[in-house]
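One-based numbering, in listed order, for ligands and for the atoms of each.
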Amino acid sequence: MEHSYSRRNFLETSIIAGAALAAAPHLLASTPPAKPAFPVADYHVHLSEQLSIEQALALGKERQVQIGIVEHPGPGYPINTDADLNHYIERLRKYPVRIGLQPVYPGWSKAFSKSLVDQLDYILMDALTLPKPDGGYLAIWQIDTMVDDEDAFMTRYLQFIEQVLTTEPIDIFAWPTFLPVPIARQYSQLWTRPRIDRILDLAQARKIAIEINEVAHVPDENFIAAAKRAGLKFTFGTDARNQNATHFYYCFQMAQKCALTEADMFVPRKK
Ligand SMILES: [Zn+2]
């Protein structure tokens with residue numbers, strides 16, 4: 001399952017279709033936003049056939065961006081046993097990168113020894129793969145996701161976000177507030193103040209950082225400003241598995257608009 005790769009395909013498709021234009025006004029602007037004055041990191045980089053660790057490091061060096069590597073654990077992905085996880089960590093320890101994991105399914109950590117999971121520098125998780133009541137999952141980043149009733153969807157989505165933020169081992173909440181294509185244009189109506197505050201409260205309770213996601217352009221400026229006021233910390237993430245790694249536009253734009261400083265940024269401790 002080429003999970004994140006498909007997400008990127010989805011976004012490119014929807015930009016072409018014009019669906020994401022409302023959330024991406026910079027596509028029409030000319031000058032790119034300046035790089036922030038503080039040290040910048042991309043904590044959402046996937047290695048792939050198109051991106052080796054050496055290539056990722058070269059991009060980071062060229063763009064002066066630190067790197068955090070993530071991989072998915074669980075069925076359908078490369079890391080399924082303690083031996084797999086140990087090998088993944090050992091292999092990356094030789095390089096000047098932070099080592100992360102991006103679980104997709106809740107409960108994933110039961111398959112691994114806690115002492116091994118604790119060796120990771122960070123865990124980044126999103127809430128885009130919603131468990132269905134009858135088993136199976138609804139991947140809401142997929143372009144064909146159907147939403148019959150917006151409010152019912154939001155209730156169910158928020159319940160899953162609550163589950164992820166309260167019961168999972170997590171340092172960074174990725175793709176926060178992303179909405180499926182059919183309701184993406186209703187972002188500001190559907191992300192009501194109480195819904196935003198619920199996420200901020202839960203993130204604050206466990207000191208979970210908020211990812212500003214380059215590919216999906218989430219969360220929006222309003223959410224970032226509220227999260228900053230609540231004292232939450234942020235990371236930038238491209239979710240790239242190619243040359244787009246470490247290449248920021250939306251993240252820099254939000255950093256500028258919301259006046260983010262070094263103190264607002266989350267830096268995982270290297271273990
Ligand atoms: Zn990812």
Legend entry - Output field: ring centroids F236/Y43 closer than 6.0 Å: no

Legend entry - Heavy-atom pair of closest approach, residues A127 and V164: CB-CG2, 4.3 Å

Inset, instruction - Decide, yes or no, whether a salt bridge links D121 with R93 under the criterion of side-chain N to carboxylate O below 4.0 Å. - result: yes

Legend entry - Considering only N, O or S atoms of D239, the one closest to the Zn ion (ligand 1): OD1

Inset, instruction - Report yes or no: does H72 have an N/O/S atom closer than 2.8 Å to the Zn ion (ligand 1)? - result: no

Inset, instruction - Please state whether the separation between the Zn ion (ligand 1) and some N/O/S atom of D126 is under 2.8 Å? - result: no

Legend entry - Salt bridge present between R195 and D151 (N-O < 4.0 angstrom): yes

Inset, instruction - Please name the atom of H46, restricted to N, O or S, that is closest to the Zn ion (ligand 1). - result: NE2

